[in-house]
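Shown next, in structure tokens, is the structure this report addresses.
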Amino acid sequence: MIKWLAILFTIFILLIVIFADVGILAHYVGFIHKVPWGDKAGHFILYGILALLLNLALFRARPDQSPTQLVVKCNLTLALLIGLEEFSQQFFANRTFDLIDLTFSYLGVVCFSTVAVVLKKQDAT
């Protein structure tokens with residue numbers, strides 16, 4: 001079940017990125033930019049949830065591996081992909097690269113991955 005949630009949420013994030021790149025997303029969630037720090041909260045929450053779901057799915061798929069190693073590998077991969085996506089925004093007229101957005105994305109990954117590790121430890125006891 002968690003694997004499918006991770007897959008579906010990954011697709012959801014990809015659709016958000018594509019819609020933002022082509023300028024469609026602003027028509028549907030443009031109000032977020034009117035909320036103070038709404039965009040930053042979105043980065044934190046969406047990428048955090050993605051990290052949580054991916055890490056929990058990896059814990060179940062690879063019970064023989066160290067949870068810490070799985071989290072590090074997953075988070076480094078996510079950090080690379082998130083960084084590339086944020087950097088790529090420079091090449092789209094509807095987007096702008098923002099280091100603060102990137103920072104909030106990374107903070108979401110770290111915070112929600114910590115939640116995943118805590119849940120894994122509770123599950124093990």
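Everything numeric in this text was worked out from a predicted model, so none of it was measured.
- Pairing each heavy atom of Ser113 with each of Val71, the nearest pair is CB-CG1, 4.0 Å.
- Distance check, rounded to the nearest 0.5 Å: CD1 of Ile7 to NZ of Lys3 gives 5.5 Å.
- At a threshold of 4.5 Å between non-hydrogen side-chain atoms, the residues Asp101 and Asp39 count as touching.
- The closest donor-acceptor contact from the side chain of Asn55 to the backbone of Ala51 lies under 3.5 Å.
- Rounding to the nearest 0.5 Å places OG of Ser105 at 9.5 Å from NZ of Lys40.
- Other members of a hydrophobic cluster containing Val110 are absent, since no ILVMFWY side chain comes under 4.5 Å of it, directly or through relayed contacts.
- Ile45 and Leu5 fall within a single hydrophobic cluster, where Ile, Leu, Val, Met, Phe, Trp and Tyr side chains are chained together by heavy-atom contacts under 4.5 Å.
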Discussion item. Test side-chain contact (heavy atoms from CB on, under 4.5 Å) on Thr10 and Leu54; report intermediate values, then the result.
Written reply: CA-CA 9 Å; Thr10 300; Leu54 289 174; 4.1 Å; yes
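- In the hydrophobic clustering of this structure, Phe92 does not group with Ile18; members are Ile, Leu, Val, Met, Phe, Trp, Tyr whose side-chain heavy atoms approach within less than 4.5 Å, directly or through other members.
- Residues Asp21 and Asn94 fail the side-chain proximity criterion, which asks for heavy atoms closer than 4.5 Å.
- Residues that satisfy the ring-ring contact (aromatic ring centres under 6.0 Å, His included) test with Phe9, not counting sequence neighbours, are Phe12.
- In this structure, Ile13 and Ile49 have side chains that are not in contact, with every pair of non-hydrogen atoms separated by 4.5 Å or more.
- Ring geometry, Tyr47 versus His43: the interplanar angle falls from 30° to 60°, so the pair is classed tilted.
- The ring pair (Phe, Tyr, Trp, His ring centres under 6.0 Å) contacts involving residues 94-125 comprise Trp37-Phe104, Phe44-Phe112, where partners must be two or more places apart or lie in separate chains.
- Residue pairs that meet the ring pair (Phe, Tyr, Trp, His ring centres under 6.0 Å) test with at least one member in residues 52-72, sequence neighbours left out, do not exist here.
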Let me have the donor-acceptor pairs involving side chains of residues 78-86, under 3.5 Å, with sequence neighbours excluded, atom names and distances please.
from	atom 1	to	atom 2	distance (Å)
Glu85	OE1	Gln89	NE2	3.3
Glu85	OE2	Gln89	NE2	3.3
Glu85	OE2	Arg95	NH1	3.4
Glu86	OE1	Gln89	NE2	3.3
Glu86	OE2	Asp98	N	3.0

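- Between Leu58 atom CG and Leu70 atom CG the span is 5.5 Å, to the nearest 0.5 Å.
- Hydrophobic side-chain contacts under 4.5 Å tie Leu76 into a cluster, directly or through other members, with Val72.
- With hydrophobic clusters built from ILVMFWY side chains whose heavy atoms lie under 4.5 angstrom apart, Phe87 does not share a cluster with Leu107.
- No single ILVMFWY cluster, assembled from side-chain heavy atoms under 4.5 Å apart, contains both Leu50 and Leu14.
- Trp4 is connected to Ile11 through a chain of hydrophobic side-chain contacts under 4.5 Å among Ile, Leu, Val, Met, Phe, Trp and Tyr, so both are in one cluster.
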